[in-house]
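Since the structure comes first, as structure tokens, the remarks are kept for the end.
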Amino acid sequence: MAYVVKAYTPGKINLAPESTVEEVLQNIAMILTTPRFSVPLDRGLGLAQRFLDKPVQLAQPILISEVMEAITLYEPRAEIVNVSFELGELPGALIPVVEVNIIVE
């Protein structure tokens with residue numbers, strides 16, 4: 001079953017998710033919203049932000065690459081099906097929307 005995760009600013013982190021699916025989806029959302037080098041004990045977590053200040057046509061493939069790399073590395077229980085975008089409120093703002101399958105062992 002495929003799940004859709006959007007980059008968002010989570011209001012509250014659930015430290016005791018009720019299921020593996022909820023845990024994986026929360027982890028993916030955190031990966032999508034975290035700039036790389038911003039986490040003190042894990043500087044590699046998040047997106048490298050190489051897409052900033054680029055035209056939308058150039059930013060999209062860079063962002064897709066960063067999203068796929070980060071999710072593959074930090075959440076191996078997720079299999080990426082598709083990465084698409086929504087336009088944000090500001091001109092040129094891209095919001096990644098990731099469709100994933102959860103691999104439950």
Side-chain angles (χ1 to χ4, degrees):
M1 177 177 188
Y3 297 91
V4 175
V5 181
K6 278 189 198 180
Y8 70 98
T9 305
K12 189 173 182 182
I13 297 172
N14 185 357
L15 297 177
E18 295 182 13
S19 67
T20 301
V21 171
E22 182 183 352
E23 179 181 354
V24 171
L25 296 177
Q26 178 175 269
N27 290 347
I28 292 170
M30 292 305 297
I31 290 167
L32 294 176
T33 58
T34 303
R36 190 171 286 169
F37 308 114
S38 69
V39 179
L41 297 177
D42 192 354
R43 297 293 184 185
L45 178 67
L47 304 180
Q49 309 295 307
R50 293 177 292 145
F51 55 88
L52 290 179
D53 297 329
K54 302 268 194 270
V56 173
Q57 296 82 359
L58 294 177
Q60 284 181 340
I62 295 170
L63 186 52
I64 289 171
S65 171
E66 289 185 14
V67 165
M68 293 182 72
E69 179 183 319
I71 292 174
T72 301
L73 181 62
Y74 282 96
E75 191 47 82
R77 297 174 290 180
E79 177 184 65
I80 301 169
V81 176
N82 188 30
V83 178
S84 59
F85 302 97
E86 290 181 359
L87 294 177
E89 294 178 10
L90 299 173
L94 292 175
I95 300 170
V97 179
V98 181
E99 185 178 348
V100 296
N101 288 325
I102 307 297
I103 302 167
V104 181
E105 298 173 1

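All residue numbers refer to positions in the sequence shown, counting from 1.
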List the atom of Ala78, the atom of Ile28, and the distance in Å for their closest heavy-atom pair. CB-CD1, 3.6 Å
Kindly give the heavy-atom pair with the smallest separation between Ile31 and Ala70, and that separation in Å. CG2-CB, 3.6 Å
Please tabulate, for the side chains in residues 89-103, all donor-acceptor contacts under 3.5 angstrom to protein atoms that are two or more places apart in sequence or on a different chain.
from: Asn101; atom 1: OD1; to: Ala2; atom 2: N; distance (Å): 3.4
from: Asn101; atom 1: ND2; to: Glu79; atom 2: OE1; distance (Å): 3.3

Should Ile80 and Val4 be regarded as members of a common hydrophobic cluster, given that ILVMFWY residues are connected when their side-chain heavy atoms come within less than 4.5 Å of each other, either directly or indirectly? no
Same cluster or not: Ile71 versus Phe37, using hydrophobic residues (I, L, V, M, F, W, Y) connected whenever any side-chain heavy atoms lie under 4.5 Å apart? no
Test your reading of the model: is there a side-chain donor-acceptor pair from Gln26 to the backbone of Pro17, 3.5 Å cut-off? no
Group every Ile, Leu, Val, Met, Phe, Trp and Tyr by side-chain heavy-atom contacts under 4.5 Å, then state whether Leu73 and Leu32 land in the same group. yes
State which residues pass salt bridge (charged side-chain N to carboxylate O under 4.0 Å, His left out) with Glu22; sequence neighbours excluded, sorted by chain then number. none
Output all residues satisfying side-chain contact (heavy atoms from CB on, under 4.5 Å) with Ser38, sequence neighbours left out; order by chain, then residue number. Thr34, Pro35
Following the transitive rule for hydrophobic clusters with a side-chain heavy-atom cut-off under 4.5 Å over Ile, Leu, Val, Met, Phe, Trp and Tyr, establish whether Leu87 and Val83 coincide in one cluster. yes
I need the full list of side chain to side chain donor-acceptor pair (under 3.5 Å) pairs touching residues 43-59, with sequence neighbours left out, sorted by first then second residue. Arg50-Glu66
What distance do Leu63 atom CG and Leu58 atom CG have between them, rounded to the nearest 0.5 Å? 12.5 Å
Please list, chain by chain and in numerical order, all residues satisfying side chain to side chain donor-acceptor pair (under 3.5 Å) with Glu75, sequence neighbours excluded. Asn27, Arg77
Can you tell if the side chain of Asp42 reaches within under 4.5 Å of the side chain of Tyr74, non-hydrogen atoms only? yes
So do Met30 and Ile13 actually touch side chain to side chain, heavy atoms under 4.5 Å? yes
In the single-linkage hydrophobic clustering (I, L, V, M, F, W, Y; side-chain heavy atoms under 4.5 Å), do Met1 and Val104 co-cluster? yes
